Every structure is written in structure tokens, then in C-alpha cells.
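Following: one structure in C-alpha cells, then a few remarks.
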Amino acid sequence: MDTVLSNNLYLDTKGKTGVRDVHLELRNLTMCGRTGNLHFIRFPTQAMPRFIQMGRDKNFSSLHTTLCATGGGAYKFENDFRTMADLELLKLDELDCLIRGLLFIDRVGFNGHPECYYFQNPSDPHSCVKKPCNLDNPFPMLLVNIGSGVSILAVYSENDYKRVTGTR
């Protein structure tokens, strides 16, 4: 099983709707009792109307009727997804997803290799070494998310966190 957006279905004929980051793909991943490949796809917000139209043209709603979404775009484009592509959005809290996603990636690694790491001796170019770290017991931790803005979270547990600062 691959995700709905596999096999380049997410690209329009000129390849401008989205880019599948093949190097980030997680293969043979089991989630909720189903095994398949998890693909990561990115596209600019201004391409959202083309992406929604392509979802309609490719009849995504025959495969899935609900897409998970976070952030302001989940609210901004919710009606477009419903009316143009017959898809519902399940809106999830962005920061909850960030924390759970970080812990998930730490658990599954990246195709069998650890993805979380730190730099030992970062200020010395001759002895600076990338070292794996695991997040078996990471709390409390400071989590910095950089996207269209920045959020800095004090995380006390998977379900207990506070945004302490960042851009508005």
C-alpha cells in the first residue's frame, strides 16, 4: 500500500504543483495495522488551488474522503477541498502534531537509521562529530520549530507543553 499521493499523482503535467521528496520516504512502515510507504510532498501555498483541482481530476475522494491538515491553511482551504474535490479536512493541532511527529520519527528512524542527532564539540571544526541521540526519555525539552514562522516550545511530556515564544 502506498499513500494516495504516490506514483507522482500529486504532480500536474508541468510538475509545478508539488515535489515528492523521495529521499525522505519511509519504506515498509506499519501504522495502524497497515504497512506501506510514507511519502513527503511539498508544494507552495499559492499552488493549493491547482493541487485541489488535480485531486478532483484524479478522483482522490474515491480512495479517501478525509485528509489530515494542520495550520492556518487547514481553515483557509477547508471549503475549497470540500466543494472542489469532495474531500473533508480533519484539522489537527499543529504543535501537537509536531511533538508527536518528532517522537514518531525517533521511534521508527529513517529506513532503519536513527534520524535524531546532535553535534559533539560543535565549536571545534576539527573534533566536531555528528552523534545519534534517542528520545526515549527526552522530557523536559526545548523544541524549536522553524517554518513560515518560529515557535519555541517548552515540552514537559507528549501531552504537556507550552509555547514560550516565537514569531506571531
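Positions are given from 1, in the same order as the sequence printed here. Everything quoted here is computed from the prediction, not taken from an experiment.
- Considering CZ of Arg163 and OG1 of Thr165, their distance stands at 6.5 Å, rounded to 0.5 Å.
- Linking Ile, Leu, Val, Met, Phe, Trp and Tyr whenever their side-chain heavy atoms come within less than 4.5 Å puts Val108 and Leu24 in one cluster.
- Leu142 places a side-chain heavy atom less than 4.5 Å from the side chain of Ile152.
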task = Determine, stepwise, if the pair Val129 / Phe119 fulfils side-chain contact (heavy atoms from CB on, under 4.5 Å).
result = CA-CA 6 Å; Val129 180; Phe119 289 100; over 6 Å; no

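- At least one side-chain heavy atom of Leu143 sits less than 4.5 Å from a side-chain heavy atom of Leu98.
- Contact record, Cys128 with Pro122: SG-CA, 3.8 Å, taken as the closest heavy-atom pair.
- In this structure, the side chain of Ser157 engages the main chain of Asp160 through a donor-acceptor pair within 3.5 Å.
- The two residues Met84 and Arg56 make their nearest non-hydrogen contact at O-CD, 2.8 Å.
- Taking every heavy atom of both residues into account, Tyr156 and Pro140 meet most closely at CD2-CB, 4.3 Å.
- Ile105 and Leu135 fall into different hydrophobic clusters, where Ile, Leu, Val, Met, Phe, Trp and Tyr side chains are chained together by heavy-atom contacts under 4.5 Å.
- The cationic group of Lys91 lies under 6.0 Å from the six-membered ring centre of Tyr75 and within 45° of the ring axis, placing it in a cation-pi geometry.
- The closest donor-acceptor contact from the side chain of Asn121 to the backbone of Asp124 lies at 3.5 Å or more, if one exists at all.
- In this structure, Asn145 contributes its side chain and Ser151 its backbone to no donor-acceptor pair below 3.5 Å.
- Heavy atoms of other residues, nucleotides or ligands lying less than 6.0 angstrom from CG of Asp86 number 12 at most.
- Rounded to the nearest 0.5 angstrom, Leu87 CG and Leu67 CG are separated by 5.0 Å.
- Without hydrogens or angle criteria, Asp21 side chain to His23 main chain gives no donor-acceptor distance under 3.5 Å.
- For the residue pair Thr35 and Thr30, the shortest heavy atom distance occurs at OG1-OG1, 2.7 Å.
- A cation-pi arrangement is present between Lys130 and Tyr117 under the rule of less than 6.0 angstrom and at most 45 degrees off the ring axis.
- In terms of heavy atoms, Leu89 sits closest to Phe81 at CD1-CD1, 3.7 Å.
- Across all non-hydrogen atoms, the minimal contact from Leu102 to Met141 is CD2-CE, 3.9 Å.
- Distance check: Cys68 SG to Leu90 CG gives 4.5 Å after rounding to the nearest 0.5 Å.
- Remark: Ile52 CD1 to Asp57 CG distance equals 12.0 Å, nearest 0.5 Å.
- In this structure the side chain of Leu103 reaches within 4.5 angstrom of the side chain of Pro138, judged on heavy atoms.
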ask   = Run the side-chain contact (heavy atoms from CB on, under 4.5 Å) check on Phe51 and Gln53 step by step: do they pass?
value = CA-CA 5 Å; Phe51 176 80; Gln53 183 62 45; over 6 Å; no

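- Summarising the geometry, atom CE belonging to Met54 is positioned 12.0 Å from atom CG belonging to Asn59; distances are rounded to the nearest 0.5 Å.
- Under the 3.5 Å distance criterion, the side-chain polar atoms of Thr167 are matched with a main-chain donor or acceptor of Val150.
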inquiry  = Test side-chain contact (heavy atoms from CB on, under 4.5 Å) on Thr70 and Asp93; report intermediate values, then the result.
reply    = CA-CA 6 Å; Thr70 66; Asp93 182 83; over 6 Å; no

inquiry  = Using side-chain contact (heavy atoms from CB on, under 4.5 Å), reason through Ile99 and Leu153 one step at a time and then give a plain yes or no.
reply    = CA-CA 9 Å; Ile99 294 166; Leu153 309 173; 4.2 Å; yes

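- Looking only at atom types and distance, the side chain of Asn159 has a donor-acceptor partner in the side chain of Arg100 under 3.5 Å away.
- In this structure, SG on Cys116 lies 11.0 Å from CZ on Arg107, to the nearest 0.5 angstrom.
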